[in-house]
Peer 1: 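What follows is a structure written as structure tokens; I'll ask about it next.
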Amino acid sequence: IAGTDAGSSFDGTSPKRNTLFGYKAGEGITTGDDNTIVGWYAGDGITTGYYNTFYGYSAGRAITSGHSNIAIGRKAIGDSSGTCTGTENIGIGTEAAYEITQGEKNVAIGYHSGKALTTGKNHCLIGYEAGKSMTTSEQNTCIGYKAGDTITTGNYNICIGTYSDPSSATASGEIVLGKSGYHGKFFVPSCKFVLKASGTTASDGQVLTADANGEATWEDIPSSGTT
């Protein structure tokens, strides 16, 4: 233990195997065990929490009784006005998973990734501001710059690529590859399958038709009735 007020609330010899470095690091620990806390105000709200690892200014500051959390970076899982009892969360990056309270089993990696999560759980958010607006949603996977950053309470979405977002903030069960409104080809080399960037959406009665280059798009059925 090193630092002013680091571990200053220890209840006798009850807390065990804690490593604390920094001003007020782990200041509130009473009986929590096996915490590794490094940084100014890092983990100063923990009381009975255990198996936590925090590195950085105010990292893990919101956690009280939560266990097995990892917070690396300035204010990662660190909202000092909140009380986090969540478990098994990983927040890496400035203010990653910043507002989490009872959320569990979330992975937020990147600046402001999962910042607004409160009770949400089972998310995988990787990238700058990935899933930054999610609050109580569950089980979204968002990978890329601002991927899924418009989702609030939508569940079970997969968003991959820069600015990839579902159709609405509350949509669920959608798979989004790439930025909405950007029309590029969809290419699967191993299957030799290509969808052209036609810029149009399939409509009733259309069929998937390949051109001379083997690239497919949605077309109306020819008047002859053949395809």
Peer 1: Does the side chain of S167 come under 3.5 Å of the side chain of E174 through a donor N or O and an acceptor N or O?
Peer 2: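 There is such a pair (donor and acceptor under 3.5 Å, judged by atom type) between the side chains of S167 and E174.
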Peer 1: Which value, rounded to the nearest 0.5 Å, describes the distance between C84 atom SG and E104 atom CD?
Peer 2: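 Reported to 0.5 Å precision, the distance equals 10.5 Å.
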Peer 1: Treating T152 as the side-chain partner and A169 as the backbone partner, does any N or O pair qualify as donor plus acceptor under 3.5 Å?
Peer 2: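 Yes; at least one donor-acceptor contact below 3.5 Å.
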Peer 1: With the 4.5 Å side-chain cut-off for hydrophobic clustering, are V107 and I92 part of the same group?
Peer 2: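 They do share one cluster, since a chain of ILVMFWY contacts under 4.5 Å joins V107 to I92.
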Peer 1: Give, for atom OG1 of T141 and atom CD1 of I160, the distance between the pair rounded to the nearest 0.5 Å.
Peer 2: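 Reported value, rounded in 0.5 Å steps: 8.0 Å.
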Peer 1: Please determine whether a side-chain nitrogen of the Lys or Arg among D44 and K24 lies less than 4.0 Å from a carboxylate oxygen of the Asp or Glu.
Peer 2: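 No, no charged N to carboxylate O under 4.0 Å.
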Peer 1: Per the side-chain contact (heavy atoms from CB on, under 4.5 Å) rule, which among N35, T48, T47 passes with I29?
Peer 2: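 Exactly one pass, corresponding to N35.
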Peer 1: Is there a donor-acceptor contact under 3.5 Å linking the side chains of N155 and S137?
Peer 2: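 The criterion, which ignores hydrogens and geometry beyond distance, is not satisfied for S137 and N155.
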Peer 1: Considering non-hydrogen atoms only, spot the tightest contact between A108 and S113 and give its length.
Peer 2: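 Smallest heavy-atom distance, with atoms named: C-OG, 3.3 Å.
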Peer 1: Using a strict 4.0 Å threshold on nitrogen-to-oxygen distance, state whether K16 and D33 make a salt bridge.
Peer 2: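 The answer is no: the pair does not qualify as a salt bridge.
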Peer 1: Check whether N122 reaches the backbone of N106 with its side chain - one donor and one acceptor, N or O, closer than 3.5 Å.
Peer 2: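 The answer is no, because no donor-acceptor pair under 3.5 Å joins these two groups.
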Peer 1: Is any side-chain heavy atom of K121 less than 4.5 Å from a side-chain heavy atom of K105?
Peer 2: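 No; the side chains remain at least 4.5 Å from each other.
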Peer 1: State, with a plain yes or no, whether a side-chain heavy atom of T36 is found less than 4.5 Å away from one of N52.
Peer 2: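 T36 does not reach N52 side chain to side chain.
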Peer 1: Give every residue pair that meets the ring-ring contact (aromatic ring centres under 6.0 Å, His included) criterion with at least one member in residues 149-175, sequence neighbours excluded.
Peer 2: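 As it turns out, the ring-ring contact (aromatic ring centres under 6.0 Å, His included) pairs with a partner in residues 149-175, which skip direct neighbours, are Y145-Y163.
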Peer 1: Is a side-chain donor or acceptor of S58 paired with a backbone partner of A42 at a separation under 3.5 angstrom?
Peer 2: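 Not confirmed, S58 side chain does not pair with A42 backbone.
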Peer 1: Once you round to the nearest 0.5 Å, how far does NZ of K179 lie from SG of C159?
Peer 2: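 So the gap between those two atoms works out to 14.5 Å.
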Peer 1: Got a second to check how far K115's NZ is from M134's CE, nearest 0.5 Å?
Peer 2: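 The distance works out to 15.5 Å.
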Peer 1: Hey, is the main chain of A130 close enough, under 3.5 Å, to the side chain of D149 for a donor-acceptor pair?
Peer 2: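 No; zero donor-acceptor contacts below 3.5 Å.
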Peer 1: Is it true that atom CD of Q139 has more than 12 heavy atoms of other residues, nucleotides or ligands lying nearer than 6.0 Å?
Peer 2: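 Yes, the 6.0 Å shell around CD holds more than 12 heavy atoms from other groups.
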Peer 1: Is any side-chain heavy atom of T64 less than 4.5 Å from a side-chain heavy atom of I46?
Peer 2: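 No, too far: nothing below the 4.5 Å cut-off.
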Peer 1: Where do G43 and F54 come nearest, in terms of heavy atoms and distance?
Peer 2: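 Between these two residues, the closest heavy atoms are CA-CD1, 3.8 Å.
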Peer 1: Sub-3.5 Å donor-acceptor pair from the side chain of N157 to the main-chain atoms of N140, do we have one?
Peer 2: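 Not at all, since once roles are kept as given, no pair shorter than 3.5 Å links the two residues.
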Peer 1: For residues 13-33, which residue pairs qualify under ring-ring contact (aromatic ring centres under 6.0 Å, His included), counting only residues two or more places apart or in two chains?
Peer 2: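 Every pair satisfying ring-ring contact (aromatic ring centres under 6.0 Å, His included) with a residue in residues 13-33: Y23-W40, Y23-Y41.
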Peer 1: Nearest 0.5 angstrom please: T87 OG1 to Q102 CD, how far?
Peer 2: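 Result: 10.5 Å between the selected atoms.
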Peer 1: Using a 3.5 Å distance criterion without hydrogens, assess whether the side chain of D165 forms a donor-acceptor pair with backbone atoms of I151.
Peer 2: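 No; zero donor-acceptor contacts below 3.5 Å.
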Peer 1: Which atom pair, heavy atoms only, marks the closest approach of G148 to C142?
Peer 2: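 Minimum heavy-atom separation between G148 and C142: CA-SG, 3.8 Å.
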Peer 1: If you group Ile, Leu, Val, Met, Phe, Trp and Tyr by side-chain heavy-atom gaps below 4.5 Å, do L125 and I77 land in one group?
Peer 2: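 No, L125 does not connect to I77 through the hydrophobic network.
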Peer 1: Are the side chain of N89 and the backbone N or O of N69 linked by a donor-acceptor pair below 3.5 Å?
Peer 2: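 Not at all, since once roles are kept as given, no pair shorter than 3.5 Å links the two residues.
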